[in-house]
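Inspection log for the structure reproduced underneath, given as structure tokens.
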Amino acid sequence: MKGAMVPLQESKRIVNIDILRGLAILGIFLVNMPSFHSPLLYIDGAKRWAGGWDGILYRFSDIVAQASFYPLFAFLFGFGAIILAVRSEEKGISFPLLYMKRLSFLLILGCIHAFFIWHGDILINYAVFGFALLFFYKMKGRNLILLGSVCYVLPFAILGSLFLIMGTFDKEGMAITTDSAMMKQSLEVYQSGTFTELMSQRALDWYMVNNPLNAIILFLSIFPFFLMGAGVAKQGFLQNPTQYKRQLKAISIVSLLLGMSIKMLPYVTVYHFGTIFVQDYLGGPLLTIFYITAITLLAERAGASRLLHPLSYIGRMSMSNYLFQSMVCTGIFYSYGLGLYGSVSYTTGFVFLIALFCLQILLSLLWMGLYEYGPVEYIWRFFTYGKKPVMRREGPVKKKCK
């Protein structure tokens, strides 16, 4: 494989990356929760939850989580692909074949998730876009980072500037609107609809986000982070953080200051589509970079590493935990469960989210004490390699951190 490839330091690398995966699962849950219990797809959340604790918590989630964690997950997706490529090469296995089998399973899982559980699935996009990575993964690490950065920044800087200019001249035309008809339909179906009606509504909601026009934006917002994650894996920045400590610290500080400034833009200037677009597509990824660098540096410190370590249990079975959140939340809010869709405040949803995530940490800790893989990860690995992995742990789980 072309390009520098840093040898894996198994114990340190795994815990750092798994902590980041666990953080990504928490962040994605923060973003997804209001869509689990409300028709957020068709309303303006800032107007719906404008005051009190609802307003505070909505803005908190919007600033620290919105558009910052799906890039993190995409970054880790590309990072993991290179790790898999290295291990495949070491074992004499064809990486492209192995990777295509892995993506095929992810695509099947995503379709089940999107159309039978919850419309806000990210797995289909990651699976489909992941095939394109096969054309780039042999590039040098620095070139992957550069290509990914240019492919992301260039289109979104141009679009963001254009929307801000449009917003200056036509504030009403750039205002966030509510689709009352679709909002009402969502409320009726998810509150009391039949399973067939739910299936139809899920498909409609999924298409609203993943139609051909939006698919271009989705690709441009996700695939570049595959490239950047792959490049960082090849360069070894996260595997050897001590070596790059000064650079990582500088990047962390700059990305935090810039990211927070841009993420607060709609709330300190004018609230319209242009400022929200810039907030999400430019501010969001800057905070992603902050989370990556900050967690990597903190994991090098003994006290911080112990504090963050519970997230690694979530991260080691991230797919199982991601799907678990969808199944539990739709089971509570949809008609085939408690039918609470549309009747829960943002604050109630937020508190429930924290409680459920804490439960997931406990369940993940207990599960990983007994088994090598999460339940979905086990099936995924079986599908990929064509043979049953060793599931049962022979001894107690080892804490892989300082």
Rounded to the nearest 0.5 Å, how far apart are [atom1] of [X] and [atom2] of [Y]?
X      : Y      : atom1 : atom2 : result
Phe237 : Ile145 : CZ    : CD1   : 5.0 Å
Trp206 : Ile124 : CH2   : CD1   : 5.0 Å
Tyr322 : His113 : OH    : NE2   : 4.5 Å
Ile82  : Leu144 : CD1   : CG    : 6.5 Å
Phe277 : Met174 : CZ    : CE    : 9.5 Å
Ile25  : Phe324 : CD1   : CZ    : 12.5 Å

Would you call the rings of [X] and [Y] parallel, tilted or perpendicular if under 30° counts as parallel and over 60° as perpendicular?
X      : Y      : answer
Phe195 : Tyr336 : tilted
His309 : Tyr313 : perpendicular
Phe36  : Trp118 : tilted
Tyr346 : His37  : perpendicular

Look only at the side chain of [X] and the backbone of [Y], and say whether a donor-acceptor pair between them is shorter than 3.5 Å.
X      : Y      : answer
Lys47  : Thr177 : no
Asn321 : Gly315 : no
Tyr378 : Tyr371 : no
Ser252 : Leu248 : no
Glu377 : Met319 : yes
Lys263 : Gly284 : no
Gln191 : Gly339 : no
Ser200 : Thr196 : no
Ser38  : Ser35  : no
Asn211 : Met208 : yes

Would you call Asp18-Arg21 a salt bridge at under 4.0 Å N-O?
yes
Minimum heavy-atom separation for [X] to [Y], with atom names?
X      : Y      : answer
Tyr281 : Ser221 : CE2-CB, 4.0 Å
Ile117 : Thr330 : O-CG2, 3.4 Å
Leu72  : Ala24  : CD2-CB, 3.9 Å

Determine whether the side chains of Ser255 and Tyr291 contain a donor N or O and an acceptor N or O closer than 3.5 Å.
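Short answer, no.
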For the residue pair Arg59 / Tyr267, report whether a side-chain donor-acceptor contact shorter than 3.5 Å exists.
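On atom types as modelled, these side chains do not qualify, holding no pair under 3.5 Å.
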If you define the side chain from C-beta out and look only at heavy atoms, does anything of [X] sit under 4.5 Å from [Y]?
X      : Y      : answer
Leu356 : Phe29  : yes
Phe69  : Asn32  : no
Ile122 : Ile28  : yes
Phe350 : Ile56  : no
Leu103 : Tyr99  : yes
Leu26  : Leu353 : yes
Leu23  : Ile295 : yes
Phe129 : Leu218 : yes

Pair Gln325, Gln360 - check side chain to side chain donor-acceptor pair (under 3.5 Å), show working.
CA-CA 9 Å; Gln325 289 168 358; Gln360 285 187 283; 3.0 Å; yes
Ring centres of Tyr334 and Tyr190 under 6.0 Å apart?
yes
Quick one: is the NZ or CZ of Arg102 closer than 6.0 Å to the six-membered ring centre of Trp380, and within 45° of its axis?
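Judged by the rule, Arg102 and Trp380 form a cation-pi pair.
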Does Thr288 form a side chain to side chain donor-acceptor pair (under 3.5 Å) with Tyr70? I'd like the steps, not just the answer.
CA-CA 9 Å; Thr288 301; Tyr70 74 82; over 6 Å; no
Which of Ile361, Leu362, Leu365 passes side chain to side chain contact (heavy atoms under 4.5 Å, CB included) with Pro310? It is Ile361
Taking everything shown except Phe60 itself, do over 12 heavy atoms lie less than 6.0 Å from its CZ?
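Atom CZ in Phe60 is not packed in, count stays at 12 or less.
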Check Phe136, Tyr126, Tyr152 against Phe223 for a ring pair (Phe, Tyr, Trp, His ring centres under 6.0 Å) and give me the one that passes.
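By the ring pair (Phe, Tyr, Trp, His ring centres under 6.0 Å) criterion, Phe223 pairs with just one of Phe136, Tyr126, Tyr152: Phe136.
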